[in-house]
Each structure stands twice: as structure tokens, then as C-alpha cells.
Amino acid sequence: MILIRLIPTSLIFTYGIFANNKKQAIFIFSLVFAIFLIGVILTAIGEFQANPLVNKLLETPSPNLEGKEVRVGWASTAFWSVMTTGTMTGAVNGMLDSFMPTGGFILLFNLFLQIVWGGQGSGTAYLFVYLILSVFLTGLMVGRTPEFLGRKIEKPEIVLSSLILLIHPIAVLIPSAVTLAFPEILAGITNPNSHGLAQVVYEYASASANNRSGFEGLIDNTKWWNLSTCFSLLIGRYIPIIALILLADSLSQKKPVPLTLGTLRTDTVLFTGVTGGVILILGALTFFPILALGQIRRSFRNCAKFVTFNCRVGKYFNI
Amino acid sequence: MLQIAVTLIIIVAIAPIFGASMAQVFLGKPTFLDRFLTPIESLIYRVIRPGSQETMTGWEYIRAILYSNLVMGIWVYLILILQGILPLNPTNLAGVNWDLALHTTISFLTNTNQQHYAGETTLSYASQVLALGFLMFTSAGTGLSVGIAFIRGVTGRNLGNFYVDLTQSITRILLPISLISALLLLLSGVPETLANPVTVTTLEGNTQIIAVGSVAHFESIKQLGEMVAVFSV
């Protein structure tokens, strides 16, 4: 469990030593750590409250244990899943398909962001892409020249950064849309409605983020799934790699600008907070529609069913 | 709950230390592993000839990544397709379908390891170890090299040589750690063998066949290299 995050977490500190700025490394580390903790807590709460419909039948509140190993338990399963989706490992010790909607939401969100620890090396690089974008945004907001580590951020850098962030939604959403448009021929979806949507999107998100975990329940060893996920896999991996190297190359060739009073400091709490905001907003905006149709709708429907269920029971007993 | 807290604390504690040692490796500073690894690495360099240049330009680095990944992909694809006639196939599994083989190759090549099959009943030991096990190291190493090259770039250094980075991230980072953890797994009874599946009699008197294989080393590189179970034991 510790092995999984060893490299991505440590790489942030490796950066700190390379850049001679350990303070910034600590800030970035805390930022990702905070996002990660929130994810774990939300998922765990969702699993603990479990499905109100089921609990009503059981007449006892119990955590959601469907598709989990009882010896591992609900809390550790939640923790493990948030960690492995975040780190692009994709090892599972519970069936993600059976997670409560909140849990599924967090896991998908992790795949979309790709930085809550992130993959080997590349995950850390994504984090810096977000940092560069935040530098640019805050620079524009307060009217200072956007600089990162004493190098000016200019148009080519921003173009490359945006490309890196846009590839992921393209690789996820387009094949998902195609699959959903021809459900009878192509898909092996085994759950109805919004839950089925989440299955499909998850498969591609996992492919493109190079994560590998599957929501499962999908019949995926077919020509369509094999070949279409290949597409997501390839462009989700190599285009960002190319763009990252080019970005690094163009930054390394710039002449450093001396630090002045006018420079925006990137190793402050304020800047780290802004970066957190940028990450969440960009991630949320890109994928919000699909999350709303999938996991959020599922969650609301559970609530609605719960209410109608209560009403029916009430009617039966003349309450 | 306590277990989760302990894990988090350990991670917070070791990340800075391990980060520092990675920086040492990639800044080319001397480390205590030098004595064993430098001869091995120079042997590897003599075979792959990483080129004499200390550093590559952006496009050279990209080309190196793409070419090397392509070669590895073709190698693995061939093993998967031909596993029926290759050795180390005790359960006599046939070759993998072309589309599944393609998906599996690309998926492991991109460090994704998405699987559309069940490990024990689809892949022979040769495919597991020579093809997929090999890619687990190289794909994780590729990702790590990109990360390091990126960090070098943003901090105003030269990007470095991809082949050297790849070799060093495998010999100095991935291999030592996965060796240690594979030994730990072996000690706790995880199988590592190329022998045939085990047939046991269960408590109810039925016979059950349990797939074994070289699980231990696979488990540790897969978690470290962010991979997933090929053997679901």
C-alpha cells in the first residue's frame, strides 16, 4: 500500500531539491494530501451510510458491504480505492461497481484530475502543468508578469499546458459518446440508466488516465472495447508525454529573470490555495456534465426512491 | 481506521527521504549503490549504446521514447500471439486473439494494465513474466524518466539522455525496491514458481485446482509501478 504512492509522493520532494525550493515542495505536497484526504473521507462517509433503501429493508443501519471483502471492511476498501484510482494503479480490493454513488463520484473525479498523487512521474508533471496555469491566471488577475521559477510563461507554454489538460477529456468523452450512441451493437453494459453511463465513462477514463481499474460489470473483451480503449490508451499516454517534454524543453531554454518585488511568489499559502482552486474548477468544469448524468443523478435517485418508499410504507400502515 | 492513519503517517515520513535519494540518483551524485550498479549499468550501456551525448533536445528525447516503446510493444505482442508454441506454458494455453493481444500490449505499454481477460486462464508463464513483467518495469521507468526530464526542464537544466534515465530508474529505483518487497511477500507465503498449478483437496472433499506462478515479484512491481493484478490468487 505504501509502495503505490512512494514514487509519486517522493517525486514532489525530488523536485524541491532540483529547484532548490523545499518550501514549495512542502506546500504542493500538503495541497495534494488535503485533496486526497477529502476524497477518502467523502467516500468513506458514503459507504458508511450505505444505501438507505437496503438499510430500510434490513431495519438496521449498516455500511455498504456489497462487493467488498468482509475481512478488509468498508473503511479500508474506501481508502484503498481512492488511493489506487488517484495513483493510477487501479488495483482493487472491492468491486467499484458496487460502491455507493458518492464513492463512485470521487473515484471518477480522481481519474479525471490525474494528480491526486498521479502516475509514475507523469502524474507529478501534471501537477506542475496546473501550477503553470495557476501562475498564468493569477498573474493576469493581479497584473504581474507570469513567471514560474524565474522563467516567463508565454504563449507556447500555455498552449502546451492546455493541450495536456484537454487530451484527457477528448480521449474519454468522445469514445464514450460513440459507445452510448450505439448501445445494442457495441456496449456490454450490464446496469441500467445512469449507472450504466458511469460504467462506460469509467472504462475510458481509466484507459486514458492509464489507470486500468474498471468499474467492472462491463462485458469488455469484445473487438469494440479492445480497439476503442486502445485509442484512449495511446493518445492518453503519448500526446501528454510529447507535450510535457516540449514544455520542459522550451522552459529550460529561457533565460532566467531575476527575482524582483514585482515577481509573483509561488511558495506561499495563498498561491497554493489558488492552485487548489484551479485544479478543482478545471477538473469539475471539464467533466461535470458527465458526473451529473452519472453519479450525481444516481445519488439523487436513491434519495427520491427512499422518500417514495417511506411514503408507501406509511400508506400501508396508515401513518 | 488506525491502520489508515498509520499508513498515512508512514507515507508522510518517508516521502521526503525517498525524494531526496531520487534526486541524488538523477542529479548524478554518488550513492551507496554505485559499487554494485555502475558495472551492471556500463554493461547495459555497452549493449544499448545510449549515444555519447550527455543530453538530448526535446524532440530527440521524444523520439527516443517513441522508438523504444514501439520496439517493446512489438516484442510483447509477438510473445502474446505466439504463446501457444513458446515454452513455459504448462497449462497449454493457446495464443491470444489479435485484438485482445493488441489491447493487452498497449495497455501494459502505457503503464495502464487494463485487462479484458482473466490472467491465469489466458496467459502462459512466458507471457506473464517475459512480456508483461518486462513492460511493467519499462513502462514505469518511462513514466519516471518523463517526470524527471520535466523537472529538469522547468528548473532550467538540460533534459538528459532518455536511455540513461530509463536504465537508471529501473536499476536504481524500481528494481531494488521491488526486490525487497518481493522477498517480503515470499516470506509471507505468496507463491513464486514456474511449476504446474496445484491440485488440492478441500475440506468438503472436492478437488480444486489453484493457479500458481511467479506471483510474488509480480505483485510488488505492479503496486510500485502502479500496475494491477495479473494473477488474482
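Within every chain, numbering begins at 1; the chains are lettered A, B, ... in the order of the sequence lines, protein sequences first and strands thereafter. Given the structure is predicted, the values throughout are model-derived calculations rather than measurements.
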Taking side chain as everything from C-beta outward and backbone as N, CA, C, O, which of these in B/Ile65 sits under 4.5 Å from a heavy atom of chain A? Side chain, backbone, both or neither.
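For B/Ile65, the contact with chain A is made by the side chain alone.
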Nearest 0.5 Å, please: how far is [atom2] in [Y] from [atom1] in [X]?
X        : Y        : atom1 : atom2 : value
A/Ile245 : B/Met56  : CD1   : CE    : 10.5 Å
A/Thr14  : B/Gln24  : OG1   : CD    : 10.5 Å
B/Thr142 : A/Tyr238 : OG1   : OH    : 7.0 Å

Do A/Leu246 and B/Ile62 come close enough that some side-chain heavy atom pair is under 4.5 Å?
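In contact.
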Taking the side chain as everything from C-beta on, heavy atoms only, tell me whether B/Phe150 gets closer than 4.5 Å to A/Leu247.
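They are in side-chain contact.
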Highest number of heavy-atom pairs under 4.5 Å with chain A: which of B/Val12, B/Leu66, B/Asn158, B/Thr155?
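Heavy-atom pair counts peak at B/Thr155.
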With respect to chain A, which residue among B/Thr105, B/Asn69, B/Ile17 yields the maximal number of heavy-atom pairs within a distance under 4.5 Å?
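Answer, by heavy-atom pair count under 4.5 Å with chain A: B/Asn69.
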For B/Tyr61 and A/Asp249, which I'm curious about, is there any donor-acceptor pair between the side chains at under 3.5 Å?
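Side chains of B/Tyr61 and A/Asp249: no pair found under 3.5 Å.
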So which atom in A/Ala248 and which in B/Ala149 form the shortest heavy-atom distance, rounded to 0.1 Å?
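So the two residues come closest at CB-O, 4.0 Å.
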